[in-house]
Structures are given as C-alpha cells and as structure tokens.
Amino acid sequence: MDQSIINFKVYEDSVEYVGMAQATLPDLTALTQSISGAGIAGNVEAVILGHFDAMTLGLNFRTVTDQSVKLSEPRRHTIDLRVAQQDEDVVAGKVVVRSVKHILVVIPKSDKGGSVAPAAPSNGSGEYAVRYWATYIDGKKVREVDQLNFICYVNGTDYLADVRKALGM
C-alpha cells in the first residue's frame, strides 16, 4: 500500500544539489481531435497516440541560492528529482522504502523572485518548459516522454515506435 513521500532532493546534472525546493511535476495532457460525420451520433474525441500538450515543471524555493539562480540561465538544464517513497507491505507487516526518480530536461520560462520579510522564507519559484521526462521506480524505467524524438514509453511499450518507423526515423 503506497503511503507517502518521505523526502526528496533536487539535483542538476545528477551531481549538484539544487537546494530545498517543492516540485510540481508536469501534467501529461494528450492532444485530441473532435471527430464527427456520417455514421457517428454526435462528436467523438480521438486521442492522438503519444502526442501531448506542452509540459511545465514548477520548482518553489525557500530562499535565493546560487543554485536556484543558476536554474534561470537560458539554456537546457537536466533536473534529477530523487524521491524516497514510503509503502507498507501489509502481508509482511513492514514499511518499505521505494526509490522514485524523475529525470527532466528543462528550459527556464519564468523566475519569480518571491518576497523579502524578516524571519520569513522568500518563496521564490521558477517554471520550466519540459523537453524530456523519464520516471524510474526502484531503478526500472516506467515512463519516458520525449516529444522531439517521438518517444512515448510507458511500462515497457514504446507507443510511438510504429510512428517513427512510418516516418523513416
């Protein structure tokens, strides 16, 4: 039974600790087309295979740090979110810690400075356009979305493999 995130850390390029932050992962929203015509009683929404709307990563920082400012450099950044997740094995009656890792390649699109007040966090934040997102659970890749390279991999299946083949890629 999955229970909670115990804690997590944010790294850039898998080595540089970015600092204390709260992350909002991207939404995966499929592109769709409305289909209507003879033989259809109304409109049907067709979900386009492996194609998604633009994705955004949000990072909120407690204070301004060298690393949080570095993320506003107008270039690609590889963000590594390492999560310790608490599950309960109800049969064995023990707590299990699972490793969840999100790798995101991002480009900064907004940087909010936050506020300055005595004895308070600044709560600055950034929003980042996502170019690549992969998720690993206990070291096993379970999702990879790479829109520029036509990859939509979920649980062992690359749903755009036939599309790449049809396009001669």
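Only heavy atoms go into these numbers, but all of them, side chains included; no hydrogens, no water, no symmetry mates. Index from 1, following the sequence.
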Check [X] against [Y] and note the closest heavy-atom contact, atom names and distance.
X      : Y      : value
Phe8   : Ala21  : CZ-O, 3.1 Å
Val130 : Trp133 : CG1-CB, 4.2 Å
Gly42  : Ser36  : O-CB, 3.6 Å
Arg75  : His77  : O-CD2, 3.1 Å
Asp2   : Asp87  : CA-OD1, 3.3 Å
Leu59  : Ala23  : CD2-CB, 3.7 Å

Review point. Can you get from Val154 to Leu49 by hopping between Ile, Leu, Val, Met, Phe, Trp and Tyr side chains that sit under 4.5 Å apart?
Key: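 Same cluster: Val154 reaches Leu49 through Ile, Leu, Val, Met, Phe, Trp or Tyr contacts under 4.5 Å.
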Practice item. Consider only side-chain heavy atoms of I, L, V, M, F, W and Y, link residues closer than 4.5 Å, and tell whether Leu25 and Leu28 are in one cluster. Key: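 Both belong to a single hydrophobic cluster.
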Checking the side chain of [X] only, and the main-chain atoms of [Y] only, is there a donor and an acceptor separated by less than 3.5 Å?
X      : Y      : result
Asp27  : Thr29  : no
Asp138 : Ser99  : yes
Asp158 : Leu160 : yes

How long is the straight-line distance from [atom2] of [Y] back to [atom1] of [X], given to the nearest 0.5 Å?
X      : Y      : atom1 : atom2 : result
Thr24  : Gln22  : OG1   : CD    : 5.5 Å
Ile48  : Leu31  : CD1   : CG    : 7.5 Å
Thr78  : Ile103 : OG1   : CD1   : 8.0 Å
Lys101 : Tyr136 : NZ    : OH    : 7.5 Å
Lys94  : Glu88  : NZ    : CD    : 12.0 Å
Lys140 : Asn155 : NZ    : CG    : 6.5 Å

Within the structure provided, determine whether [X] and [Y] are in side-chain contact (heavy-atom separation under 4.5 Å).
X      : Y      : answer
Leu104 : Leu81  : yes
Lys112 : Asn60  : no
Asp146 : Leu148 : yes
Gln86  : Val95  : yes
Ile6   : Val97  : yes
Lys141 : Tyr153 : yes
Pro26  : Thr56  : no
Ile151 : Arg164 : yes

Review point. Between Gln147 and Tyr132, does a side chain to side chain donor-acceptor pair (under 3.5 Å) hold up when you go through it step by step?
Key: CA-CA 7 Å; Gln147 293 163 299; Tyr132 174 88; over 6 Å; no
Practice item. Report the C-alpha separation of Val10 and Ile79 in whole Å, then their side-chain angles, then the decisive distance to 0.1 Å, and conclude whether the side chain to side chain contact (heavy atoms under 4.5 Å, CB included) test is met. Key: CA-CA 7 Å; Val10 181; Ile79 302 296; 4.0 Å; yes
Point to revise | Row check, Tyr11 ring normal vs Arg82 NZ/CZ: under 6.0 Å, within 45° | key: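 Satisfied, under 6.0 Å and within 45°.
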**Study point:** Six-ring centre of Tyr128, Lys109 cation under 6.0 angstrom, axis tolerance 45°
**Key:**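 No, Lys109 and Tyr128 do not form such a contact.
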Exercise for review: Under the side chain to side chain contact (heavy atoms under 4.5 Å, CB included) rule, what do Asn7 and Ile5 come out as? Steps first, then yes or no, please.
Suggested key: CA-CA 6 Å; Asn7 213 324; Ile5 291 174; 5.6 Å; no
**Study point:** Which residues share a salt bridge (Lys or Arg N to Asp or Glu O under 4.0 Å) with Glu45, sequence neighbours left out
**Key:**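 Salt bridge (Lys or Arg N to Asp or Glu O under 4.0 Å) check on Glu45 returns nothing, list empty.
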Review point. Does the pair Met55 and Val145 meet the rule for a side chain to side chain contact (heavy atoms under 4.5 Å, CB included), with working shown?
Key: CA-CA 10 Å; Met55 298 180 286; Val145 176; 3.9 Å; yes
Check your understanding: Can you list the steps and then say if His102 with Val100 is a side chain to side chain contact (heavy atoms under 4.5 Å, CB included)?
Key -> CA-CA 7 Å; His102 299 280; Val100 177; 3.7 Å; yes
Practice item. For Gln33, look at atom CD and say whether over 12 heavy atoms of other residues, nucleotides or ligands are found less than 6.0 Å away. Key: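 For Gln33, atom CD is not crowded (no more than 12 foreign heavy atoms under 6.0 Å).
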